[in-house]
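Here is the structure we will look at, set down as structure tokens.
Along the sequence shown, residues carry numbers from 1. In what follows, every heavy atom counts, from backbone to side chain, and hydrogens, waters and symmetry copies are set aside.
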Amino acid sequence: MSDIVQVKFVAVLGAGTMGRGIALVAARAGYRVALQDVAQQAVDAGLEGIRATLGDGVERGKVTVQERDAALENIATTTNMAEAVETADLVIEAVFESMEVKKALFRQVDEVAPPAAVLATNTSSLSVTEIAASTRRGEQVVGMHFFNPVHVMQLVEVVKGERTAASAVDVARHVAEAMGKQTIVVRDSPGFATSRLGIALGNEAMRMVESGVAAPEDIDLAMELGYRHPMGPLRLSDLVGLDVRLAITEHLYRELGGEQFRPPQILRRMVRAGKLGKKAGEGFYKWKE
């Protein structure tokens, strides 16, 4: 384990789907967690989502009542970012996938977080090196890319930026493994390993729908049964959010070029129409609550 910090307190910035999931698995691993968002409504919704997930776990026999209560006891919420990070050993950012938003947040966190704290970004495709450059502690900035739903998915992609110290990578891996995750370590490059491969597959599946090769359900079933994917690329795109998928593929196309990363026209049309996937009730599938 790294000498840089022994993690006891984790701050999670952003109480949306990913942030609340990260806060949940951190709390279940025994860390004291501060879950922060800018609006009280977002914080309340995040905590309610955590309660619901734990409650479902109890009903399914996956979580004991004692484990549920202990996890909730480990979580504090706030709308004050400085308050959230003031005693944090590890700060995990899980805000909107925008480079400017993330850089602005990291500049603020750098001013108020303890000097030894490791700062992690949950970005799925943006440059960890560029995010780190907005701080004065680039060697302590690392990528921790979780997957949705966080409490179910086993992988955390640890991303090493140009200045990231081995000690910060060690902290990220240690914490992720304490959460019950498996880790891979990748060099900072557009899309890392997972998004780069996932976007290429998803884009081709969308083009197949567009050209009438097969229905979304059949394309997904082909990958689930033929290649043992737990979820087909189109259903997964709906779950992630088609607007998020479009932003990532546009980023990869700018950075890498190549037809595999050119945003499919069907994806652009669906996003313009507000068909963003599960969160909007319709994407490649129709979703019900």
Side-chain angles (χ1 to χ4, degrees), residues 1-16 18-27 29-47 50 73-123 126-146 150 156 158-165 167-172 174-176 178-179 188:
M1 173 61 180
S2 165
D3 293 333
I4 190 170
V5 63
Q6 297 291 324
V7 176
K8 295 181 180 179
F9 296 92
V10 176
V12 180
L13 308 183
M18 295 305 296
R20 70 185 64 169
I22 295 167
L24 169 58
V25 295
Y31 296 110
R32 300 293 294 178
V33 179
L35 178 62
Q36 183 270 343
D37 210 308
V38 294
Q40 188 63 49
Q41 183 178 6
V43 170
D44 292 344
L47 186 58
I50 291 170
E73 180 66 24
N74 280 338
I75 301 172
T77 61
T78 180
T79 58
N80 186 312
M81 187 272 290
E83 179 182 289
V85 307
E86 63 184 357
T87 61
D89 303 309
L90 172 65
V91 179
I92 304 176
E93 164 273 312
V95 302
F96 186 68
E97 191 76 347
S98 160
M99 178 60 77
E100 293 312 309
V101 171
K102 291 181 187 293
K103 286 166 67 174
L105 179 59
F106 269 74
R107 280 192 291 269
Q108 295 172 33
V109 172
D110 188 37
E111 293 290 332
V112 293
V118 170
L119 311 184
T121 172
N122 181 52
T123 181
L126 300 178
S127 170
V128 173
T129 301
E130 185 173 346
I131 293 170
S134 65
T135 76
R136 295 166 296 178
R137 59 175 97 188
E139 70 283 355
Q140 291 164 237
V141 178
V142 65
M144 290 184 73
H145 178 203
F146 291 80
V150 177
V156 173
V158 177
V159 185
K160 187 178 187 297
E162 290 298 322
R163 293 184 57 199
T164 305
S167 54
V169 172
D170 288 346
V171 167
H174 176 87
V175 170
M179 294 173 176
D188 187 22

Compare every heavy atom of Met179 with every heavy atom of Phe146, then report the nearest pair and how far apart it is. CE2-SD, 3.7 Å
In Å, rounded to the nearest 0.5 Å, how long is the span from CG of Asp37 to CG of Asn80? 12.5 Å
Ignoring hydrogens and angles, state whether a donor on the side chain of Thr164 or Glu139 is under 3.5 Å from an acceptor on the partner side chain. no
With distance as the sole criterion, is a donor-acceptor pair present between the side chains of Thr79 and Gln40 under 3.5 Å? no
For Ala172 against Val142, the heavy-atom pair lying closest together: CB-CG1, 4.1 Å
Write down the atom of Glu86, the atom of Glu83, and the distance for their closest heavy-atom approach. CG-O, 3.3 Å
Would Thr77 and Gln36 satisfy side-chain hydrogen bond (donor to acceptor under 3.5 Å, both in side chains), going step by step from the backbone distance to the final call? CA-CA 6 Å; Thr77 61; Gln36 183 270 343; over 6 Å; no
Taking 4.0 angstrom as the limit, do Lys102 and Glu130 come out as a salt bridge? no
Assess whether salt bridge (Lys or Arg N to Asp or Glu O under 4.0 Å) is satisfied between Glu93 and Lys103, documenting all intermediate values. CA-CA 11 Å; Glu93 164 273 312; Lys103 286 166 67 174; over 6 Å; no
Give the C-alpha distance, both sets of side-chain angles, the deciding distance and a yes or no for side chain to side chain contact (heavy atoms under 4.5 Å, CB included) between Thr135 and Val141. CA-CA 9 Å; Thr135 76; Val141 178; 3.8 Å; yes
Nearest heavy-atom pair of Ala42 and Ala15: which atoms, and what distance? O-CB, 3.6 Å
Find the distance between CZ (Phe106) and CG (Leu119) and round it off to the nearest 0.5 Å. 5.5 Å
Using the rule given for side chain to side chain contact (heavy atoms under 4.5 Å, CB included), can you reason through Leu13 versus Val109, listing the C-alpha separation, both sets of side-chain angles and the distance that settles it, and then say yes or no? CA-CA 10 Å; Leu13 308 183; Val109 172; 3.5 Å; yes
Can you confirm whether the side chains of Ser127 and Asp188 place a donor and an acceptor under 3.5 Å from each other? yes
Pairing of Asp89 and Lys8 as salt bridge, 4.0 angstrom limit: no
